[in-house]
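Notes follow once the structure below has been shown.
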Amino acid sequence: MSEFLLGASYYPEWWSRDEWEKDFEMMAELGLNCVRMGEFAWSWYEPREGEFNFEPMLAAVDCAERHGIKVIMGTSTAVCPAWLYKKYPEVKGGNVHGHYDFGGRKGQCLSSEIFLHYAERITEEQTKALGGHPNIVGWQLDNEPGFPFSDFDACCRKGFQEWLREKYGTIDELNKAWFTMMWSNVYNDFDEIDIPVNACEGGWTLEVQLDYRKYFSFTFNRLLRIEAGYVRKNSPGRFIYTNWPGANWSVNCFEGSEYLDLAGWDNYVGQPNGDNYRVQLRASMEHSFDRRLSNGKEKFLVAEQLGYTDANTPPEVIAAQTWLNVSHGAFATVFFEWRTPNGGAEQEYASVLGKDRQFRPETYPVIRKLSAQIKGIYDEIDDAKTPSDVAALYSYENSWGTRGWVVDGPYDEEFFNAYGGFKNSLKTDVDVIGIDDDFGKYKAIVMPNHRITTPEQADRLIKYVENGGVLIMNTECGNRDEFNKMRDLLDPGLFAELCGAKVDSSISSDKLKKQTGEDCFVIFPNGKARAGETVNRLVLDTAEPAAEYSCGLLSGKPAVTVNKYGKGCAVLFATVGNDVYFYEALADFVKDRFNLVPLLDADDGIIVSSRVKEEKTFIFAVNMKDKAGTVRLEKPMKDIISGREFEKTARLEPYETIVLI
């Protein structure tokens with residue numbers, strides 16, 4: 001698709017038909033060319049069991065077409081109609097308090113065979129009725145898979161037991177994997193297994209939690225796979241995706257790539273304001289993740305994004321965020337939402353239009369200009385690729401294996417900061433990859449907190465270094481087996497020989513500060529950064545120290561080491577904690593030590609990315625700060641957005657984007 005899709009979410013079932021025409025006319029006037037509809041319309045389509053009526057949605061699609069607005073249609077299984085819940089209460093999931101009551105959205109039990117039957121039926125009927133419409137260009141499956149983050153009802157319990165039986169085969173194997181001899185937690189049969197949401201002390205062990213999170217992910221992928229099959233059958237030629245709330249949250253999106261054409265996500269990363277631009281590095285990470293999840297197409301959708309700004313945020317931020325999407329490979333950005341709902345759970349939710357159903361005077365010209373600018377250059381960059389020398393390695397098992405039922409927990413926060421620090425410091429493209437991906441095309445891979453590692457996975461990473469790669473990890477890596485049990489090895493576990501160093505002792509940074517009266521810093525050759533939440537003392541074997549601690553008995557002791565191994569090197573950092581500034585300092589060191597060349601020499605706050613097409617490189621520079629910034633050039637370059645030509649430097653106004661060739 002050579003046309004960038006810039007649109008908004010719209011719910012025709014909320015409004016009378018005589019309002020649709022004006023809404024789509026105004027979308028076209030604003031410069032929008034697509035709309036996302038239908039993901040919550042089940043009771044509109046099937047108000048009573050077996051009574052299907054898709055004519056109103058067909059009329060809405062026709063209305064959009066008359067105004068040049070293409071449609072992305074959503075399957076409607078993210079809600080549960082009242083008649084289905086009344087007849088079969090088990091279709092609703094539950095939490096620690098019991099079954100959910102009817103009302104709201106989501107909460108269906110994806111382990112319920114009855115729900116799966118009716119979900120399959122409505123998807124089949126919907127795709128048969130709507131799938132042939134020429135104005136429907138793509139399909140979104142369900143909505144934000146992974147919400148809510150728990151399901152603890154009876155159907156889920158039974159499904160979990162069956163999943164465990166298939167995985168382990170015998171109860172003895174499960175007992176061994178879960179280390180159940182502790183406290184006599186031994187099972188005699190799979191039907192004795194509960195989801196220990198209300199267990200006594202220690203009941204929700206790391207081993208049980210990891211398997212439950214895997215099962216939870218499995219249930220969503222199972223439903224979406226079924227829906228994808230009906231879309232392919234009844235609406236061929238349209239792209240298929242789902243809008244992950246974030247690729248890292250609750251569902252294994254690597255598995256989702258098996259049945260989706262593309263990935264999409266809902267970009268609710270906080271809008272930048274002033275110096276807090278680093279929040280946008282989270283969006284950069286999600287973009288890179290979704291690019292990886294799109295089956296080699298290297299393009300993705302931003303399925304939801306704010307189309308307005310609060311009273312203290314300049315409207316130009318909307319354009320900057322959208323250009324950041326484009327710079328990483330987005331072929332669509334859909335604002336949420338077009339109109340403010342008058343009632344319901346999201347009444348007064350701010351939208352592209354004001355509550356008076358008029359354009360917002362400050363954002364209107366920004367979106368109009370943005371639409372025209374993207375339209376003016378998109379043919380040049382469509383189908384471009386992003387060649388990256390650096391990657392950050394993500395693991396769902398390690399996210400789910402951290403203690404507690406959390407989203408964006410310790411592993412994820414560490415990963416965000418590692419990605420963001422390297423992206424920001426290196427001023428280049430950074431991929432997000434999984435443990436089964438091809439490591440060989442990267443000069444450097446950063447891998448924080450990869451505790452759960454099989455021997456086979458460790459061997460692949462070690463061979464990557466032997467063949468010339470640079471692997472950057474902390475001391476937490478390689479210390480747990482596939483079931484989330486600790487190994488009888490000193491950290492960094494399976495990687496100790498590779499790193500040429502081991503952990504001798506540890507202390508929290510808070511305790512260290514109480515003892516010494518000062519913060520602990522890591523001193524690099526060209527700067528320093530505050531140490532993380534945990535500080536480890538290393539004993540070196542073959543490694544050489546590269547940075548040192550600053551306080552207490554650790555003062556002068558190695559905090560970062562480099563170990564040559566084969567043709568490559570392992571970089572080990574002995575501090576653990578969620579600090580993007582530490583990762584920026586670490587990336588600065590890696591950049592200098594291993595000659596990682598930035599795309600541009602750019603001021604702080606300018607996020608730099610590239611796209612390559614037919615041997616032409618397009619370098620995007622997005623200024624996410626409220627102050628002007630500068631990029632310094634090694635040769636004359638031209639901004640294809642404005643047509644301006646630059647000799648040695650290019651100045652970017654606050655929240656301005658340039659695309660240099």
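Heavy-atom basis, side chains included; hydrogens, waters and symmetry copies ignored.
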Under a 3.5 Å cutoff, is there a donor and acceptor pairing between the side chains of Glu518 and Thr516? no
Would you call the rings of Trp163 and Phe218 parallel, tilted or perpendicular, taking 30° and 60° as the class edges? tilted
Distance-only check: which donor-acceptor pairs under 3.5 Å involve side-chain atoms of residues 532-541, not counting sequence neighbours?
from	atom 1	to	atom 2	distance (Å)
Asn536	OD1	Ser506	OG	2.4
Asn536	ND2	Thr475	OG1	2.8
Asn536	ND2	Ala574	O	3.2
Arg537	NE	Asp504	OD2	2.8
Arg537	NH2	Asp504	OD2	2.6

Got a second to check how far Leu471's CG is from Leu572's CG, nearest 0.5 Å? 10.0 Å
Determine which pairs satisfy ring-ring contact (aromatic ring centres under 6.0 Å, His included) with at least one residue from residues 418-472, sequence neighbours left out, and list them in order. none
List in chain and number order the residues that pass salt bridge (Lys or Arg N to Asp or Glu O under 4.0 Å) with Lys485, two or more places apart in sequence or in another chain; answer none if no residue qualifies. Asp481
Would Asn424 and Glu584 count as having a side-chain donor-acceptor pair, cut-off 3.5 Å? yes
Provide the full list of ring-ring contact (aromatic ring centres under 6.0 Å, His included) pairs with a residue in residues 567-586, sequence neighbours left out, each pair given once. Phe573-Phe582, Phe573-Tyr583
Which pairs pass ring-ring contact (aromatic ring centres under 6.0 Å, His included) with one or both residues in residues 516-553, sequence neighbours excluded? none
Looking only at the side chains, is there a donor atom on one of Asp431 and Ser288 sitting less than 3.5 Å from an acceptor on the other? no
Are more than 12 heavy atoms, taken from residues, nucleotides or ligands other than Glu192, located less than 6.0 Å from that residue's CD atom? yes
Just by distance, with hydrogens left out, do Asn248 and Tyr411 show a side-chain donor and acceptor under 3.5 Å apart? no
I'd like to check the salt bridge (Lys or Arg N to Asp or Glu O under 4.0 Å) partners of Glu166; sequence neighbours left out, ordered by chain and number. none
Determine whether a donor-acceptor pair (N or O, by modelled atom type, separation under 3.5 Å) exists between the side chain of Thr454 and the backbone of Gln457. yes
Check whether the side chains of Trp178 and Asp211 place a donor and an acceptor atom closer than 3.5 Å, and report yes or no. yes
So do the side chains of Lys167 and Lys214 get within less than 4.5 Å of each other, counting heavy atoms only? yes
Cut-off 3.5 Å, side chains only: do Asn175 and Thr180 have a donor facing an acceptor? yes
Set of ring-ring contact (aromatic ring centres under 6.0 Å, His included) partners for Trp400, sequence neighbours left out: Tyr396
For Lys591, the salt bridge (Lys or Arg N to Asp or Glu O under 4.0 Å) test, sequence neighbours excluded, returns Asp588
Tell me which pairs pass ring-ring contact (aromatic ring centres under 6.0 Å, His included) where either residue lies in residues 282-301, with sequence neighbours left out. Phe254-Phe289, Trp265-His287, His287-Phe300, His287-His328, Phe289-Tyr394
By side chain to side chain contact (heavy atoms under 4.5 Å, CB included), which residues pair with Glu173, not counting sequence neighbours? Tyr168, Thr170
Applying salt bridge (Lys or Arg N to Asp or Glu O under 4.0 Å), can you list everything that pairs with Asp429, at least two apart in sequence or on another chain? none
What residues, two or more places apart in sequence or in another chain, satisfy ring-ring contact (aromatic ring centres under 6.0 Å, His included) together with Phe147? Phe149, Trp249
Heavy atoms of other groups near Lys385 NZ, more than 12 under 6.0 Å: yes
Distance-only side-chain donor-acceptor flag, Tyr215 / Asp151, under 3.5 Å: no
Between Ser217 and Asn252: side-chain donor-acceptor atoms closer than 3.5 Å: no
